There are 2 protein chains.
Amino acid sequence: MNAPSISVQMKCGDCPIRHRAVCARCDADELTALEEIKYYRTYEAGQTVIWSGDQMNFVGSVVSGIATLTQTMEDGRTQMVGLLLPSDFVGRPGREGAAYDVVATTDLTMCCFRKKPFEDLMNRTPHIAHRLLEMTLDELDAAREWMLVLGRKTAREKIASLLAIIARRDASLSPDGPQDDIVFDLPLTREAMADYLGLTLETVSRQMSALKKDGVILLEGKRHVTIPNMGRLMEEAGDDSDGGFLV
Amino acid sequence: MNAPSISVQMKCGDCPIRHRAVCARCDADELTALEEIKYYRTYEAGQTVIWSGDQMNFVGSVVSGIATLTQTMEDGRTQMVGLLLPSDFVGRPGREGAAYDVVATTDLTMCCFRKKPFEDLMNRTPHIAHRLLEMTLDELDAAREWMLVLGRKTAREKIASLLAIIARRDASLSPDGPQDDIVFDLPLTREAMADYLGLTLETVSRQMSALKKDGVILLEGKRHVTIPNMGRLMEEAGDDSDGGFLV
DNA sequence: ACCAGTCCTTGACGCAGATCAATTGGGAAA
DNA sequence: TTTCCCAATTGATCTGCGTCAAGGACTGGT
């Protein structure tokens, strides 16, 4: 057999991202098996990928674009419970339905695996099951970290926490040196930020302006952000530990 | 081989609870293996079981008593991120240290398994790994459910949500008919409730009084609670769906 | 009986963030 | 260029919950 290059296959064929469900121990057979059950789907900004409660017949990863996981009460109050960036995993192996609405906030491409065969592969491949457990533990840590943000932080600290997460996530993707300015475009509207932070969009806007005035961030236009001093931002977030991760 | 009664072994020998990590597919050999690496530990009310960051050399379940998972900021603000009731699992297979403080809020008995041998067993026993993934997904759902509570609910709704969780959890343990009054003793101080709900103890106290005045709950002394109408309580929680579970 | 300690309740007041409302800015279509 | 549209900003006011403070109800110890 003509063994394919692992480094390419690790990234799941032609996906430009590294699937988190795929790990260093995956061998060529497993990768071929994944290749056979995978397909791509694209969604437009604003489209709902899955409604809470719907049957979900795939798992997969975000390839490009941003999606959110949200919960809504009958009276319309909504809380975002997860932010899905490229390479993040979506799906609940072993579960029937979706627990939350998944919404594309930008144009979105997903790399999906049909669920049943994926579960079969998982069941006969211990290290994939192991990897999924690790990923789920990561998400649990992130969710609990966020509980502290929602329950105990001020509006200013909440905003700083969110910016820190996005900045860190973004910086880890780019190959820049670690202590340069961090520059990125916010992938969320003020309203989406508010739904993530348990605030109103007005409060988000005011605190963004305040952080800008105080030199914690630079803002060009509405979305383009520069972090001149990551340490300062993390102080503002009330977050000494450089832990703090999300999704 | 003299196969032991599964129904007894399912409960892990002499533990009075059913370990969630042990499932219907566990066979006698696996149960024996667990039996060999298990031990009990007891803690007094108020004692800290594990400090965040500490090396954790066991996993296990709560046998009796209540423990909490909490995070604390440097300035002392604390947020509870999990409530551990009997049969709940503690531990992060595959992880080195503890991510949160675990504190006994009442006298507590834990049934522990030494971590390394437990992980070995998990690694060679797919259905135990599978069970752990399921448990972790449950906890993730619970954490995300709680994010909605923390981010978007009012103080009154928060209190009602917490009471509903404890009531439901309690009712599922007792063999009573489903539509009787639900009666239980609150396992938490007002301060612990506040730390769970992102409130102050004074607000918790006021809202408890308000719910009592409005007949949503009956209070005898400080801790003894009767829920005359579970549906009413869940309305107050802003929670139509009878989902809603926690840890 | 008395005291000390802990937990809880209740009141008075202030403030962070919500609500309501008006205006600005910037990109796309005509 | 003008117009439209939607995201975002900013201001004015309101309010739910936090803060500070005083006191009550148990419990266990002496």
Side-chain angles (χ1 to χ4, degrees), chain A residues 44-46 66 73 75-79 105-107 149-163 185-214 217-225 236 238, chain B residues 44-46 66 68 73 75-79 103 105-107 149-163 185-214 217-225 236 238:
Chain A
E44 285 172 25
I66 311 277
M73 295 172 65
D75 61 8
R77 283 177 281 179
T78 77
Q79 175 67 50
T105 54
T106 66
D107 288 349
V149 173
L150 291 173
R152 292 301 186 192
K153 292 196 176 176
T154 64
R156 174 185 261 245
E157 289 170 333
K158 284 178 175 182
I159 300 285
S161 299
L162 178 56
L163 292 173
D185 283 301
L186 270 177
L188 301 172
T189 64
R190 298 290 186 265
E191 186 177 21
M193 293 173 69
D195 282 343
Y196 207 2
L197 297 167
L199 300 169
T200 58
L201 98 218
E202 292 95 331
T203 298
V204 170
S205 182
R206 276 185 246 276
Q207 297 297 337
M208 289 287 288
S209 300
L211 289 173
K212 176 184 176 183
K213 185 163 67 62
D214 298 346
I217 62 173
L218 310 181
L219 256 184
E220 244 171 293
K222 299 153 194 277
R223 301 287 192 91
H224 194 76
V225 178
E236 291 285 353
Chain B
E44 286 173 24
I66 311 279
T68 61
M73 295 172 68
D75 62 8
R77 282 177 282 177
T78 77
Q79 175 66 49
V103 182
T105 53
T106 64
D107 288 349
V149 173
L150 291 173
R152 292 301 186 193
K153 292 196 178 178
T154 64
R156 174 184 262 244
E157 289 170 333
K158 285 179 174 181
I159 300 284
S161 298
L162 178 56
L163 292 174
D185 282 301
L186 270 176
L188 301 173
T189 63
R190 298 289 185 266
E191 186 178 21
M193 292 173 70
D195 283 343
Y196 207 2
L197 297 167
L199 299 170
T200 59
L201 100 217
E202 293 94 331
T203 298
V204 170
S205 182
R206 276 186 247 274
Q207 297 298 338
M208 289 287 289
S209 300
L211 289 174
K212 177 184 175 182
K213 184 163 67 64
D214 297 345
I217 61 173
L218 310 182
L219 256 183
E220 242 170 294
K222 299 152 194 276
R223 301 287 191 91
H224 194 74
V225 178
E236 291 285 351

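Just so it is clear, the model here is predicted, and its values are computed rather than measured. Naming convention: chains lettered A, B, ... in sequence-line order (proteins, then strands); numbering from 1 in each chain.
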What is the distance from [atom1] of [X] to [atom2] of [N], rounded to the nearest Å?
{"X": "A/Leu188", "N": "D/dA7", "atom1": "CG", "atom2": "C1'", "result": "14 Å"}
{"X": "B/Leu186", "N": "C/dC8", "atom1": "CG", "atom2": "P", "result": "9 Å"}
{"X": "A/His224", "N": "D/dA7", "atom1": "NE2", "atom2": "P", "result": "21 Å"}
{"X": "A/Leu197", "N": "C/dA16", "atom1": "CG", "atom2": "C1'", "result": "15 Å"}
{"X": "B/Arg223", "N": "D/dT27", "atom1": "CZ", "atom2": "P", "result": "12 Å"}
{"X": "B/Met208", "N": "C/dT9", "atom1": "CE", "atom2": "P", "result": "7 Å"}
{"X": "A/Met193", "N": "D/dT9", "atom1": "CE", "atom2": "C1'", "result": "14 Å"}
{"X": "B/Leu199", "N": "C/dC8", "atom1": "CG", "atom2": "C1'", "result": "16 Å"}

statement: On DNA chain D, more 5' by nearest nucleotide between A/Leu201 and A/Arg152 is A/Leu201

Donor-acceptor contact below 3.5 Å, side chain B/Arg152 vs main chain A/Thr78: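 Looks like yes, one N/O pair under 3.5 Å.
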
field: Out of D/dC17, C/dT9, D/dA8, whichever nucleotide has its closest atom nearest the side chain of A/Lys222
entry: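 Side chain of A/Lys222 sits closest to D/dA8.
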
- prompt: Among C/dT19, C/dT9, C/dG17, which nucleotide sits nearest the side chain of A/Arg206?
  reply: C/dT19

- request: Report which part of the nucleic acid B/Arg156 touches: base, sugar-phosphate, or nothing (heavy-atom distance under 4.0 Å, all strands).
  value: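 Contact class for B/Arg156: none.
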
task: Determine the contact category for B/Thr189: base if any of its heavy atoms lies under 4.0 Å from a base atom, sugar-phosphate if only primed atoms, P, OP1 or OP2 are that close, otherwise nothing.
output: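 Sugar-phosphate: the residue B/Thr189, judged by heavy atoms under 4.0 Å, touches backbone atoms but no base.
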
Measure the shortest side-chain to side-chain distance between [X] and [Y] over non-hydrogen atoms and say whether it is less than 4.5 angstrom.
{"X": "B/Lys153", "Y": "A/Met73", "value": "yes"}
{"X": "B/Leu211", "Y": "B/Arg156", "value": "yes"}
{"X": "B/Gln79", "Y": "B/Leu150", "value": "yes"}

- request: Check whether any side-chain nitrogen or oxygen of B/Thr200 sits under 4.0 Å from OP1 or OP2 of D/dT19, and answer yes or no.
  value: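 No, outside the criterion.
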
query: OP1 or OP2 of C/dC8 sitting under 4.0 Å from any side-chain N/O of B/Ser205?
result: no

- prompt: Once you round to the nearest 0.5 Å, how far does CG of B/Leu162 lie from CG of B/Leu188?
  reply: 6.5 Å

task: Let me know, please, whether B/Gly221 or A/Gly198 comes out on the 5' side of the other along DNA chain C by nearest nucleotide.
output: B/Gly221

- request: Let me know, please, whether A/Lys153 or A/Glu202 comes out on the 5' side of the other along DNA chain C by nearest nucleotide.
  value: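 Its nearest nucleotide lies further toward 5', so the answer is A/Lys153.
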
- prompt: Quick one: the side chain of A/Arg190 and the base of D/dT10, do they pair up donor-acceptor inside 3.5 Å?
  reply: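 Per atom types, no contact qualifies.
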
